[in-house]
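A quick write-up on the structure given underneath.
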Amino acid sequence: MLTTTKFKEEFEKIIEGLYASNLEDTSSIQQYTALGNFIKSYSSDNWNKTNQLYLEEQVKQVYYFSMEFLPGRMLKSNLLNLGILTTVREGIAEMGLDFEAIVKSEVDPALGNGGLGRLASCFMDSIASLGIPGNGTGIRYRYGLFQQKFVDGYQVELPENWLRNGNVWEVRKENKAVMVRYGGEVYLKEDGENKLRPIYSNTQNILAVPYDTGMVGYENNVVNNLRLWSAEIPPEEEIRYKTIAEREVVNQITEVLYPDDSNYEGQLLRLRQEYFFTSAGIQSIVRFFKKQGQPWSDFPNKIAIHVNDTHPALCVPELMRILLDEEGHSWENAWDITKKSISYTNHTIMQEAMEKWPVDMVRELLPRIYQIIEAINQRHLDRKISLYGEELTYRTTIISEGYVKMAHLAIIGSHSVNGVAQLHTDILKEETLHDFYKMYPSKFNNKTNGITQRRWLHLANEKLTQLIDDKIDQEWKVNPAELRQFKAYSKDSETLNQLSDIKLENKKRFAVYVKEKYGIEIDPTALFDVQIKRLHAYKRQLLNALHILDRYLKIKEDSTLELQPRVFIFGAKAAPSYIYAKQIIKFINALAHLVNNDPDIGNKMKVVFVENYGVSLAELIIPAADISEQISLAGKEASGTSNMKLMLNGALTMATLDGANIEIKDLVGEDNIFLFGLTNDEVNQINREGNYSSIAVMEANPRLKRVLNCLINGTIPGIEEEGRVIYDSLTLFNDEYYVLQDFASFVAAQERADTLYQNKLAWNQKALINIASSGPFSADFTIMRYADEIWNVKGKAEKHASFLKGNQPI
Ligand SMILES: *Cc1c(COP(=O)(O)O)cnc(C)c1O
C-alpha cells in the first residue's frame, strides 16, 4: 500500500535524481515529469509481470492495429487505474505543490483525428481493465494533428510538437526493432527444395523501432502494452544516406499524422505509413509467436489481429508474405492462418472515405505485397465466380479500374467484419457491402462503439461520480450495467438538486475558462448547447448555425421576446484541405462575433467556438453540457461516441436517428431525447425519387428564407465569400446533406428544449435518466463482445464472470 509519506519520500528522491535540485526550484513541467517517472516505476513491476504471465501461460493475445490512438493526458488516468489518485493528490498538496497545474503541464498528444483514434484509446483502457491480453500497434508520429488557432475567424494550422518536453510514458526498445522493406525489384526463384523464394534487389530498408507505453488496467494489476513504431535509418546503412534530402525521406515516414478525417487522400506517404506499421507489427507478432515454439496451426488460437478501419489492411498480404516467403508455408496453409487470425472493423459508409490506392503506386512501393494481393484476388475470383456469377463476383474484386480497394482486401482476408452501431451494420449489410454480405453472411456482425467511463466520468466529472457512489455504492465502477440503479432516484428531489448543483459547478468551471481564454462572459445558468466533433458537412454544424442565426433574428425583431438564454458551444477542427469545412468555421466565428457583441442580445445568447478541440477540452466541456448536438444526416454517422460521453454526463441529446443515437433513444425512451429530422429510410426514399429541391424548401419557409438571405446580404460582416459559397451549396447545388429539409423540425425540437428547460425538475429528471441509462455504452461491454464474439480471448476470470452477468443486450 502506498502511503502519502512513502509517496512524498519517493517523489523528492526522483526530483533530486532528475534535476539535482529541491522541490521549490522545479517547474510544474519538471514536477509532472517526476510524477510520470514515479508512476512508471510504480507500475513497471506489474508491466513486466503481465508480459511474463502472457508468455508463460501462452494465452491468446489480441493485437489491435490502428493508424491512430488518441489517448489524452495520461497522468490522472494512470493514477486512477493504479488506485493511488487520492494518495498522490494528497501527497502533492502536503508538499505545497499544485496538483492541477502539474496535471495541466502534460501535453495532450493529438495523435488521432477524432472518433476513430479516441475509440482505439478507450478500447486500450477497457482491454487492460478487463484483464484481456491485448496490445495496441500504431505509429509514433513526431508531430500530431495540427494545432488549431483562429485568426480573424479563419482556421490557421500550426505544427503540434508534442515531444518538445520528452515523453515520460514511453520506453524505447531498440532491441526489438525490425526492418521494413520498400521498393526495388523482386522475382521468384526455385530454392533447390522445390519452393519458390522471392529474391529482392535494390530495396529501401527502413528500421522500425518500437516505443512501448504501459496501458494500465483499472485496479487489477494488469499493464498491457501499446507499441508505436518509429522510422529510422538502419545503423549499417547510414553510409547510403548522404544528403539531408535522402535522410528526410526516411524521417518523413513517421513524421506527421495525416489530418484527413474520413476524406480520402491519395498520397504515397500515407501508403508508406500504412505499410510501415503493419509490417513492423506483424513481424513483431511472428517473432513473439516463434519464441513460444508452438505449431503454426496454433497461430490463430494464440493470436488475434484486429484491423481498425482499412488503414492497417496490409496486415493481410504482409502476414501472407511472411508465412509464404519466410516460413515456407503452402498458399493454402498461409491463407487459412491469415483469415482465421484477422478481423476488421468498418468505420464509414461514405464512398469518398473508402481507401483505394493506384495499382502503380502499390506495385512500385511494395512489389512483393502487390504480387500477393494479385494472387489473393485471382483466387477469390476463381473460387467465387462459379458460385455467385461474374457480375456479383467482379463487384467484389480487390483490384479494379487501376485501384487496389482496401476494404475489399480486408473483408476477403479476414474472418469477421463489424460495423460500429446497429444502423451502420445494417446499412453495410443491405447496401454498401451487400455483395460481400451475400458471399459471407456469417462474417458480418455489429459491435456498437463504447467509451471508457473511467476517463469520461470518473476523471472528467468527479463530483457526479461521487454522487452516484453515494446513492448506489461503487460496484457500477467495475460493472457499469449497475448504473441503471441510479434511475431509482429520478423522482428524488434531493438527488435531482444535487445533480443540478454539480452541473452548475461544471458550467462555472467552463465559464471561467472561456472568460480567461477569450474574454467572453457566459452565464452559467443559461442552457449550454454543445456540438463538439470534427467539422464535416455530414455532421451539419451548419444546421446548428442556421438555428443560431434564426434565434438571433427573432430577438432582433422583438427585443421583448422572452427566450431561454443559451450558450452555443462549438469545438471542431477542419482538415486543412477541406475548404468548405473551413468556410463553415469562418461563418460560425463571424456569427459568434456578431451575436456576442450585439447589445440587443446581451445574455440571451452567446456563441463560443473553442480553438484546438481535443480530448482535454472535451473533458472540460462535456460535464458542462445541457444539450448534446448529434445532428448528422441520418445514415451518415457510423456511430458517434461524443453522443455517449455527453449522455453519461447528463446532457440531453438533440438527435437525428443516426448511428448510436438510435440506441440512445432505445435506452432512454423517446421522452428523454429530442428527436427530429429525416430518418435513414426517408433519406433513401428521397434519394431514390430524386425530386428534392432545396430551393422549394426554402421558398416554402419564410423563416428559413430570411436566415439564408443573411448569408449573402451583409447582415454578418466579413463573410462575403464564405456566405456566398455556403448559400450556393444549400440552394444552387441542392443541399447534399438535407440541411434545409431538416431545418424546420430542428428548430421545433429546439423550441421543445427551451420549454422543457424552464421546468428544472423535469429537465433534471431526464438528465438523470440519461446518466442512469448509459451503462451499456461502456467500452468495457463493447470489448467483452469483441473478446467473446470476434477474438475468442478471455479476460481475468472473475472480471469476465461479473461482466457476463451484467452484460445485458442493449
Ligand atoms: C469522442 C471524441 C471525438 C468523436 O466525436 P464524435 O462526435 O463522435 O464524432 C472526436 N474528438 C475527440 C477529442 C473526442 O474525445
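Only this structure's heavy atoms are used, side chains among them; waters, hydrogens and symmetry mates stay out. Whatever order the structure lists ligands and atoms in, that order sets their numbers, starting from 1. Each residue takes its place number in the sequence, starting with 1.
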Short N or O contacts of ligand 1 with protein, under 3.5 Å, listed by atom name?
unit_1: ligand 1; atom_1: 7 (O); unit_2: K533; atom_2: NZ; d: 2.6
unit_1: ligand 1; atom_1: 7 (O); unit_2: S642; atom_2: OG; d: 2.5
unit_1: ligand 1; atom_1: 8 (O); unit_2: T641; atom_2: N; d: 2.7
unit_1: ligand 1; atom_1: 8 (O); unit_2: S642; atom_2: N; d: 3.1
unit_1: ligand 1; atom_1: 9 (O); unit_2: K539; atom_2: NZ; d: 2.8
unit_1: ligand 1; atom_1: 15 (O); unit_2: K645; atom_2: NZ; d: 2.6

- Note on the structure: Which of T137, N308, D309 passes side chain to side chain donor-acceptor pair (under 3.5 Å) with S66? It is N308
- Taking only Lys NZ, Arg NE, NH1 and NH2, and the carboxylate oxygens of Asp or Glu, determine whether K582 and E157 approach each other closer than 4.0 Å. yes
- Does K507 pair with D626 as a salt bridge, N-O distance under 4.0 Å? yes
- Query: Salt bridge between R73 and D108, side-chain N to carboxylate O under 4.0 Å?
  - Reply: no
- Item | Non-neighbouring partners of N649 that pass side chain to side chain donor-acceptor pair (under 3.5 Å), sequence neighbours left out | N461
- Determine, for R454 against D780, whether the closest basic-nitrogen to carboxylate-oxygen distance falls under 4.0 angstrom. yes
